[in-house]
Asker: 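So that we are looking at the same thing, I have put the structure below in structure tokens.
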Amino acid sequence: MQLPRRIFTFWTGSNAMSDARRRGLDSMAATGCEVILVTPETLAPWLVPGEPLPDTYDALSVVHRSDYLRAYFMHHHGGGYSDIKPTSQSWLPAFEALETSDAFGIGYREISPKGVAHVHRHRLAGALRSGVRARGWLESYLHYRRMRWAYRSLIGNGAYIFRPGTTFTAEWLATVTGRLELLREALLANPARIAREASDSLIDGRLTGYPLPWSGICADVLHPLVFRHRSRILQGLPPPGFRDYQ
């Protein structure tokens with residue numbers, strides 16, 4: 001299956017991009033691919049009939065909206081995703097490597113053990129994985145330690161390419177959607193008020209009440225899924241830059 005040489009990236013808020021973000025977006029031309037910036041104004045045409053956004057979408061922080069959209073787009077559309085960060089190398093060899101394999105996706109190797117998702121730190125750990133029971137804290141902690149030890153088998157969360165419509169992307173989106181449903185009442189009662197809000201955020205010195213952990217629908221979902229399917233996840237995508245990108 002040949003994938004369109006395109007990379008999706010998301011800007012889900014109403015605020016303007018900083019100069020650093022704009023430079024990062026412009027630098028993505030180096031990938032050799034079409035770069036598609038999806039904004040609130042351009043999102044609707046990408047939504048699949050019968051697959052609407054969850055009713056909690058507008059309650060999410062702008063960061064968590066992007067986390068949701070990457071799962072939605074990788075399942076329904078496939079191709080590339082990247083954070084808006086400096087990019088300096090072509091992605092074309094990575095697309096070709098994925099197409100000539102039976103892998104689900106390709107990314108860059110996780111940078112260090114510190115980047116491994118802390119799946120044991122909150123009550124969503126392991127929850128709602130396509131109907132599979134939630135892990136207890138100890139089981140989640142041991143799973144985290146196994147992933148941390150084997151971090152070189154994981155891919156980073158900032159950029160990747162996936163085939164659409166696979167069992168991998170289906171489980172990814174189902175898990176993210178399930179977690180939002182689990183927190184539905186709390187999200188609707190306590191919508192995000194700041195761009196980078198998470199369940200441990202403070203506003204005026206108090207916890208906000210916003211219930212979703214920072215990595216609750218991003219690394220906490222993707223890392224365990226990649227770890228379980230690591231034999232079908234390739235590495236070799238150029239990583240984005242991690243300095244001076246905000």
Asker: Taking the six-membered ring of Phe227 as reference, does the cationic atom of Arg230 (NZ for Lys, CZ for Arg) lie under 6.0 Å from its centre and within 45° of its axis?
Answerer: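 Pair Arg230/Phe227 counts as cation-pi.
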Asker: Where do Ser140 and His120 land on the side-chain hydrogen bond (donor to acceptor under 3.5 Å, both in side chains) test, with the steps shown first?
Answerer: CA-CA 5 Å; Ser140 292; His120 58 296; over 6 Å; no
Asker: Nearest 0.5 Å, what's the CZ-CD1 distance between Phe162 and Ile233?
Answerer: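 If I round to the nearest 0.5 Å, the distance is 4.5 Å.
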Asker: Keeping the roles fixed (side chain from Ser18, backbone from Arg21), state whether a donor-acceptor pair exists under 3.5 Å.
Answerer: yes
Asker: Does some side-chain heavy atom of Ile217 sit less than 4.5 Å from a side-chain heavy atom of Thr175?
Answerer: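 No, every pair of side-chain atoms sits at 4.5 Å or beyond.
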Asker: Classify the ring geometry of Trp46 against Phe73: parallel below 30°, tilted from 30° to 60°, perpendicular beyond 60°.
Answerer: tilted
Asker: Is a donor on one side and an acceptor on the other found under 3.5 Å between the side chain of Trp214 and the backbone of Cys218?
Answerer: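 No, Trp214 side chain to Cys218 backbone: no donor-acceptor pair under 3.5 Å.
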Asker: Just to verify, which of Leu173, Val176, Thr166 counts as forming a side chain to side chain contact (heavy atoms under 4.5 Å, CB included) with His75?
Answerer: Leu173
Asker: Could you check whether any side-chain heavy atom of Gln2 comes within less than 4.5 Å of a side-chain heavy atom of Phe95, counting everything from C-beta outward?
Answerer: no
Asker: Any donor-acceptor pair under 3.5 Å linking the side chain of Arg232 with the backbone of Phe104?
Answerer: no
Asker: Measure from the side-chain N and O atoms of Arg70 to the backbone N and O of Tyr81, and report whether any donor-acceptor pair falls under 3.5 Å.
Answerer: no
Asker: If you measure from CG on Leu187 to OG1 on Thr56, what distance do you get to the nearest 0.5 Å?
Answerer: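 Those atoms lie 5.5 Å apart.
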Asker: Any chance you could lay out the side chain to side chain contact (heavy atoms under 4.5 Å, CB included) test for Thr9 and Asp83, step after step, and finish with the verdict?
Answerer: CA-CA 6 Å; Thr9 193; Asp83 292 348; 5.8 Å; no
Asker: Working to the nearest 0.5 Å, report the span between OG of Ser82 and OH of Tyr160.
Answerer: 9.5 Å
Asker: Please verify the inter-ring angle class for Tyr144 with Tyr141; under 30° counts as parallel, over 60° as perpendicular, anything in between as tilted.
Answerer: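 If you compare the ring of Tyr144 with that of Tyr141, the planes turn out tilted.
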Asker: Less than 4.5 Å apart, any side-chain heavy atom of Tyr151 and any of Ile111?
Answerer: no
Asker: CG of Leu237 to CD of Gln235: how many Å apart, nearest 0.5 Å?
Answerer: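 The CG atom of Leu237 sits 10.5 Å away from the CD atom of Gln235.
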Asker: Using atom types as modelled and distance alone, determine if a side-chain donor or acceptor of Thr39 lies under 3.5 Å from a backbone N or O of Trp11.
Answerer: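 Flag not set: sc Thr39 to bb Trp11 has no pair under 3.5 Å.
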Asker: Working note: Leu47 + Leu43, criterion side chain to side chain contact (heavy atoms under 4.5 Å, CB included); need CA distance, chi angles, decisive distance, verdict.
Answerer: CA-CA 7 Å; Leu47 299 181; Leu43 174 58; 4.0 Å; yes
Asker: Just by distance, do the side chain of Glu99 and the backbone of Leu3 share a donor-acceptor pair under 3.5 Å?
Answerer: yes
Asker: Is the side chain of Arg5 donor-acceptor paired with the backbone N or O of Leu92 at a distance under 3.5 Å, no angle test?
Answerer: no
Asker: Tell me, with the steps shown, if Arg146 and Glu139 meet salt bridge (Lys or Arg N to Asp or Glu O under 4.0 Å).
Answerer: CA-CA 11 Å; Arg146 286 193 293 270; Glu139 188 179 358; over 6 Å; no
Asker: Out of curiosity, Leu212 CG to Asn190 CG, how far, rounded to the nearest 0.5 Å?
Answerer: 12.0 Å
Asker: Start with the C-alpha gap between Glu110 and Arg148, add the side-chain angles, then the distance that decides, and say whether salt bridge (Lys or Arg N to Asp or Glu O under 4.0 Å) holds.
Answerer: CA-CA 10 Å; Glu110 181 56 70; Arg148 186 178 170 95; over 6 Å; no
Asker: Parallel, tilted or perpendicular: which one describes the rings of Tyr68 and Tyr57, with boundaries at 30° and 60°?
Answerer: perpendicular
Asker: Quick check: do Glu171 and Arg228 have side-chain heavy atoms less than 4.5 Å from each other?
Answerer: yes
Asker: Tell me, do Tyr210 and Ser201 make a side-chain contact under 4.5 Å, heavy atoms counted?
Answerer: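 No - every pair of side-chain heavy atoms lies 4.5 Å or more apart.
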Asker: Is a side-chain N or O of Thr177 found less than 3.5 angstrom from the main chain of Ala174, in a donor-acceptor match?
Answerer: no
Asker: Between Ser27 and Thr87 (side chain of the first, backbone of the second, donor and acceptor by atom type, cut-off under 3.5 Å), is there such a pair?
Answerer: yes
Asker: Any chance you could measure Leu37, atom CG, to Thr42, atom OG1, to the nearest 0.5 Å?
Answerer: 6.5 Å
Asker: Test side chain to side chain contact (heavy atoms under 4.5 Å, CB included) on Val35 and Phe8; report intermediate values, then the result.
Answerer: CA-CA 6 Å; Val35 177; Phe8 295 105; over 6 Å; no
Asker: Quick one: does Arg196's side chain have a donor or acceptor within less than 3.5 Å of a partner on Val63's backbone?
Answerer: no
Asker: Should His64 and Glu197 be marked as a side-chain hydrogen bond (donor to acceptor under 3.5 Å, both in side chains) after you check the CA-CA gap, both sets of side-chain angles, and the distance that decides it?
Answerer: CA-CA 9 Å; His64 285 145; Glu197 194 160 352; over 6 Å; no
Asker: Between Met147 and His118, is any pair of side-chain heavy atoms under 4.5 Å apart?
Answerer: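 In short, these two side chains do not touch, never coming nearer than 4.5 Å.
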Asker: For the residue pair Ile203 and Ile194, establish whether any side-chain heavy-atom pair is separated by less than 4.5 Å.
Answerer: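 Side-chain contact under 4.5 Å: yes.
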Asker: Just so I know, are the side chains of Leu53 and Leu69 near enough to count as touching, which here means a heavy-atom distance under 4.5 Å?
Answerer: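 Yes, close enough: below the 4.5 Å cut-off.
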Asker: What do you reckon, is CD of Glu51 surrounded by more than 12 foreign heavy atoms closer than 6.0 Å?
Answerer: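 Correct, the count exceeds 12.
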